[in-house]
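Please read the structure below before turning to the comments.
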Amino acid sequence: MTAQKRFYLTTPIYYVNDKPHIGHAYTSLASDVVVRYKRLRGYECHLLTGTDEHGQKVQQAAQRAGEETALFTSRFAENFRSMAERLQISYDGFVRTTEERHRLSAQAFWTRLQESGDLYDKDYEGWYSVRDENYCDASEIKERADGTKVSASGGEVEWVIEPSIFFRLSKYRDSLLRHYDAHPDFIMPRTRMNEVRSFVEGSLWDLCVSRTSFSWGVPVPEREGHVMYVWVDALTNYLTGLGFPNEGSKGGGLFDFWPADMHMVGKDIVRFHGVYWPALLMSAGLELPKRIFAHGWWTNAGEKISKSVGNVIDPIALVDEYGLDRVRYFLLREVPFGEDGDFSHEAMVRRSNEDLANGLGNLCMRVLTLADRGWGGLPVCEGAACKGVTLEQDEALLAKFDAGEALLEERMEACSFHRALAGVMALVGEADRYITREAPWKLLGAGDEVSKGRAGVVLWVLCECLRMAAIDLLCFMPGSMGRILDMLGVGEGLRDFAHRGRRLPRTGGKLGEVAAVFPRLEKRGEA
């Protein structure tokens with residue numbers, strides 16, 4: 001592998017007991033945007049995703065469906081792979097935990113835990129939530145009015161007694177706290193770090209890491225009847241995807257990407273990633289990931305999403321209704337990443353029309369239609385009539401767009417997607433006010449060469465603004481921004497940040513076919 005800058009990002013692997021929903025899409029889209037942005041910055045990236053196919057919950061779901069478990073998991077795994085393809089997730093690796101390579105990886109990882117002396121035998125006796133696949137402390141249990149006991153997430157719990165193997169999690173309490181102190185951005189946003197720290201500072205008990213009451217899981221090496229606790233199995237996928245336990249050339253050099261630069265997860269699984277996973281890695285003698293980002297949840301028109309209520313949002317249906325790039329834009333623009341958000345069709349239409357149809361799309365059509373009318377292509381901005389002269393207001397607008405690159409980078413590094421998008425759209429608004437003030441259509445209509453020359457300068461400036469905005473937004477909306485760059489005649493090799501600061505030629509050039517990128521949505525859809 002070359003010395004090129006590398007970036008490794010993972011989505012969680014998705015549980016295959018049901019169809020993909022908006023939460024899965026949200027995590028995958030955010031991960032894809034980060035990786036696409038890094039690639040535009042010149043990084044060699046590896047984006048890993050996949051499916052979590054073991055555990056009691058999956059086995060029970062297969063039984064309810066009347067299917068053999070392996071066939072059941074294969075069918076649902078394909079649903080998640082199809083979701084990734086439909087959302088244009090530019091993943092480099094896809095791990096299924098039922099694959100042979102993952103079994104070998106997980107068992108090699110287990111052996112390291114064993115060799116560290118951090119595993120011991122003990123019967124587990126306590127509460128377990130099958131829905132969460134989580135052991136629950138008595139302090140976390142709540143009781144409903146009907147007497148049913150549930151976990152903090154609302155999943156029913158059952159009292160479990162079974163022979164098990166435990167991991168000495170409590171041994172790593174101080175090491176975890178020191179790591180949090182030394183790396184304050186290890187878990188983001190900061191509210192999630194505070195939650196995790198509070199948990200670790202409390203009573204950090206040893207973790208049960210094997211099950212004996214069912215068999216659908218990765219077998220524990222040399223321990224008949226034991227399968228790995230599903231979270232130990234699942235978390236190891238981040239190593240499987242890089243060829244572990246082959247950490248050198250035998251792994252194809254992929255292990256050079258470790259440690260992960262970012263694990264992108266939902267807030268409900270931050271404890272597993274921010275506490276259990278780093279402790280397990282410490283025990284195994286492996287470097288810890290650099291950052292864990294835990295985003296919020298979506299509600300549907302103000303109501304918690306629930307299968308029983310029937311308000312689950314199908315991301316593929318949204319794409320079919322509104323188009324992929326509108327969905328990608330809305331989900332990452334509407335709410336601060338890390339906080340909870342509320343989806344409604346009204347908000348989807350409003351955001352799309354205000355920002356995309358009336359904003360960027362309208363500006364693009366106005367500029368390129370005028371350029372086509374005046375020059376049959378890109379505007380000519382040189383010659384005796386205008387001498388390529390830009391005025392103070394032209395340079396001021398270009399300077400704002402030039403400065404926008406650094407602001408975008410700062411916000412993308414913080415995963416502040418809504419602010420990154422808002423910043424670009426604010427620049428689009430500046431360009432829109434500029435075209436209204438300079439009125440190039442009037443200059444073209446005047447009929448003299450000096451006026452046309454000035455119109456050429458104005459439209460060239462605006463084409464530059466469109467080009468820079470399209471590069472800025474390419475990671476969010478690759479399809480539609482690609483079409484804008486096609487219309488501007490910007491070649492494939494010029495669509496990155498290394499070329500963003502280079503100006504378009506002032507001598508004109510061919511335009512691609514000019515067409516509306518974001519037609520206005522006239523009424524609410526019923527996705």
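For the pair R41 and F497, the cation-pi criterion (under 6.0 Å, within 45° of the ring axis) is fulfilled. Geometrically, R6 does not engage Y43 in a cation-pi contact defined by less than 6.0 Å to the ring centre and at most 45° from the axis.
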Only distances under 3.5 Å count here; give the side-chain donor-acceptor pairs of residues 395-402 to other protein atoms, sequence neighbours excluded, each with its distance to 0.1 Å.
unit_1, atom_1, unit_2, atom_2, d
E395, OE2, T390, OG1, 2.4
K400, NZ, E430, OE1, 3.2
K400, NZ, E430, OE2, 3.4
D402, OD1, R503, NH1, 3.4
D402, OD1, R503, NH2, 3.4
D402, OD2, R503, NH2, 2.8

Give every donor-acceptor pair under 3.5 Å between a side-chain atom in residues 470-478 and any protein atom, sequence neighbours left out.
unit_1, atom_1, unit_2, atom_2, d
D472, OD1, R500, NE, 2.8
D472, OD2, R500, NH2, 3.0

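Checked against side-chain hydrogen bond (donor to acceptor under 3.5 Å, both in side chains), T49 has the following partners two or more places apart in sequence or in another chain: T11. Remark: Y15 pairs with no residue by the ring-ring contact (aromatic ring centres under 6.0 Å, His included) rule, at least two apart or across chains. In this structure, the salt bridge (charged side-chain N to carboxylate O under 4.0 Å, His left out) partners of E156, at least two apart in sequence or on a different chain, are R144. In terms of the side chain to side chain contact (heavy atoms under 4.5 Å, CB included) criterion, residue partners of P259 (sequence neighbours excluded) are, by chain and number, E287, K290. Listed by chain and number, the residues in a ring-ring contact (aromatic ring centres under 6.0 Å, His included) with H179 are H183, F186 (sequence neighbours excluded). Under the ring-ring contact (aromatic ring centres under 6.0 Å, His included) criterion, F7 pairs with no residue, sequence neighbours left out. Not counting sequence neighbours, the partners of D372 by the side chain to side chain contact (heavy atoms under 4.5 Å, CB included) test are L511. Residues passing the ring-ring contact (aromatic ring centres under 6.0 Å, His included) test with Y180: none are found, sequence neighbours excluded. E354 pairs by the side chain to side chain contact (heavy atoms under 4.5 Å, CB included) definition with R350, not counting sequence neighbours.
With 3.5 Å as the limit, one finds no donor-acceptor pair spanning the side chains of D233 and T97. Donor-acceptor pairing under 3.5 Å is lacking for the side chains of S352 and R520. Side-chain atoms of H21 and Y14 include no donor-acceptor pair closer than 3.5 Å.
No side-chain heavy atom of S28 sits under 4.5 Å from any side-chain heavy atom of H24. The shortest side-chain heavy-atom distance between W460 and E464 falls under the 4.5 Å cut-off.
The list of ring pair (Phe, Tyr, Trp, His ring centres under 6.0 Å) pairs with a residue in residues 404-442, not counting sequence neighbours, reads F337-F417.
F72 and F76 have their aromatic ring centers within a separation under 6.0 angstrom.
Looking only at distances, a side-chain donor or acceptor of T27 sits under 3.5 Å from a matching main-chain atom of G23. In this structure a side-chain-to-backbone donor-acceptor pair under 3.5 Å is present from N237 to A234. Without hydrogens or angle criteria, W258 side chain to P289 main chain gives no donor-acceptor distance under 3.5 Å.
Within 6.0 Å of the CD atom in E85, the count of heavy atoms belonging to other residues, nucleotides or ligands exceeds 12.
Between H345 and Y322, the two ring planes are tilted [angle within 30° to 60°].
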